[in-house]
Amino acid sequence: MDFTMLIEAGVDVKGATERFMGNEQLFAKMLKKFVDEPSYGKLCAAIEAKDEKEALAASHTLKGLCGNLSLTRLFELFAEQVTLMRANEWDKAVGMMPEITENYEQMTQTINKWFDTL
Amino acid sequence: MSGKNYKVLVVDDSEINRTILNEILRSEYEIIEADSGEAALDILQKSKGEIAIVLLDVVMPGKDGYDVLGAMNRYGIIEDIPVIMISAESSPDFITKAYDLGAVDYVSRPFEAAVVQRRVKNAITLYAKQRRLVDIVADQIYEKEKNNNLMVSILSHIVEFRNGESGSHVIHINLITEMLLQQLIKRTSKYGLTKADIRLICTASSLHDIGKIAIPDEILNKPGRFTPQEYDIMKTHAEIGASMINNLSAFSDEPLLKASYEICRWHHERYDGKGYPDGLSGDDIPISAQIVSLADVYDALTSERCYKKAFTHEQAVEMICNGECGCFNPLLLECLLEISDKLKTDINGNPRGLDDTRELQKLTDEIIGNDDLAASGQMLQQLEFERMRSAFYECELPEMFFSYQTSPPVLTLSENCAKRLGISRIISDPLNSDEVKSISGGSLAGLVEQISAATADNPEVSANGRIADGDKEVECEYRCKTLWTSGDVPVRTGVAGVIIC
């Protein structure tokens, strides 16, 4: 499988495939699922509704997912957001959303494009 | 090699996370997924003992991982099912909290697949070992309790025999008391009876009449009606029994003695306060004594005595409920009616009580007749060692083992043997057992004949037979060694055997 496009987008493909015991198919399958995963939508809705508890749960789930899939930059962003939310720094956590949104959308687009090349 | 023997419950609100864990583990385990804490608890409750391990996410909407751990503590299953927390949380506080709540391990995301596989395997192995140890200890406690019960039975039988009764009275009282207690705790918790209390009361029920040992023979076994003076003497058995128990001051803290005291002293009290010796009424009479009293009256009515014929089950229940035979707690009468059908079949229809008596009688004779039976602690330890050793071999080897001891006649099968033949592991009086006869049409007869013909000099026998193997029957060979006492006149004590096919 040619992962060049993903590597250029900052995905730690080597780390991820190792984590999936060298099973590239499984890694690809999970990336596909990530694009359709509802947590990001939940995060945006919870921020909109100022539901701090829901927002924390969604951001936390995304942190775990991005970690497992080695979407390194997104993982760092969500990890930081979770820390801020835990520290009751709600405004700062919300303030991260533009950067998160930009990175998330780029990443999902890249993944979709990458799937089209397969 | 695992053959997917173990079920892994994966709890995570994110489908991707569940899928990743499922992919990592499904080659070795059966995976059950739950998408919330609520769903996980539902599965845990419904599948008693089937889940080998839980992989639990911490942060979930609704009940989170900590809530699930808390509930598992409340249900008392946290000790039996290992839980590995899997979470993106890495702060020490979160991890410590999980351990405090009983999680065995903590894996932080992102995780390595191989690490998860290994930790799951380790936790399952560890718990499986622990469960086996628990089983072994439980076995030993059970053995000890069985011996206690045996001593109590022997004691109470001495009383029964002097009383000119069959001896089945004690066993019946035991069974009826247990049935009434089980029904009572279904109806109310107001007496605060635990399982341990129930066992104690059942054991103590055997001693209800021990005071009769002090009643002169000519009164105790008088066929006709008592004179008022004789009746007064007869009535003293309740107080005498109680003071016999009370005088065992060295054991005064034993719960068994407390229950025995209550039962001995107050099993002739009446709910309306017109009983003896103390004229207690209502729930001032301990519930243990109330229940044994009812069991005693029921069994007295349905048994033949030197002064009366046996009433039928229906007559007895009617007489008791009409208040012809005393006055009882209305709740207990309801319990009696509720267990009526079971009582009729178990006590009257089933000769089990008699079987037990016969076996117990044999054993009692043997104990009395054998002066050098005083087994030292070391001997017992040696026995226990042997028992565990053979249990281990039975468990590890594919052959089917069985052993038979002559007195009391008990057939013991190895676990795989019992499973394959589809019969119980321990069968008392096997020569008269339908289960044993069911093994194969008559093919055991040859074996039994051979065993009877064996001698101490020529103890080994073998016979061919057929046993069930799934749907069909297969040829098998029974190889046995008859076991004998040493000494001038060897006595056959049992048979050890193996089934080969």
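Chain naming here is simple, since letters A, B, ... match the order of the sequence lines and numbering starts at 1 in each.
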Should the heavy atoms of other residues, nucleotides or ligands under 6.0 Å from [atom1] of [X] be counted, would the total exceed 12?
X: A:Glu89; atom1: CD; result: yes
X: A:Glu48; atom1: CD; result: no
X: A:Glu76; atom1: CD; result: yes
X: B:Arg187; atom1: CZ; result: yes

Exercise. Under a 4.5 Å heavy-atom cut-off, does chain A meet the side chain of B:Asp12, its backbone, both or neither?
Worked result: neither

Residue pair [X] / [Y], side-chain heavy-atom distance below 4.5 Å:
X: A:Phe20; Y: B:Ile24; value: no
X: B:Asn17; Y: A:Leu65; value: yes
X: B:Ser87; Y: A:His60; value: yes
X: A:Phe75; Y: B:Arg109; value: no

Can you name the nearest heavy-atom pair linking [X] to [Y], along with the distance?
X: A:Thr61; Y: B:Ser14; answer: CG2-CB, 3.6 Å
X: B:Ile16; Y: A:Lys33; answer: CD1-C, 3.3 Å
X: A:Lys63; Y: B:Ala88; answer: NZ-O, 2.9 Å

Seminar exercise, completed: chain B shares the most heavy-atom pairs under 4.5 Å, among A:Asn68, A:Asn23, A:Leu26, A:Asp36, with A:Asn68

For this session: Could you have a look at B:Ala113, B:Pro61, B:Ser108 and say which one has the most heavy-atom pairs with chain A under 4.5 angstrom?
Result: B:Ala113

Problem set entry | Gap separating the OG1 atom of B:Thr19 from the NZ atom of A:Lys29, nearest 0.5 angstrom | 7.0 Å

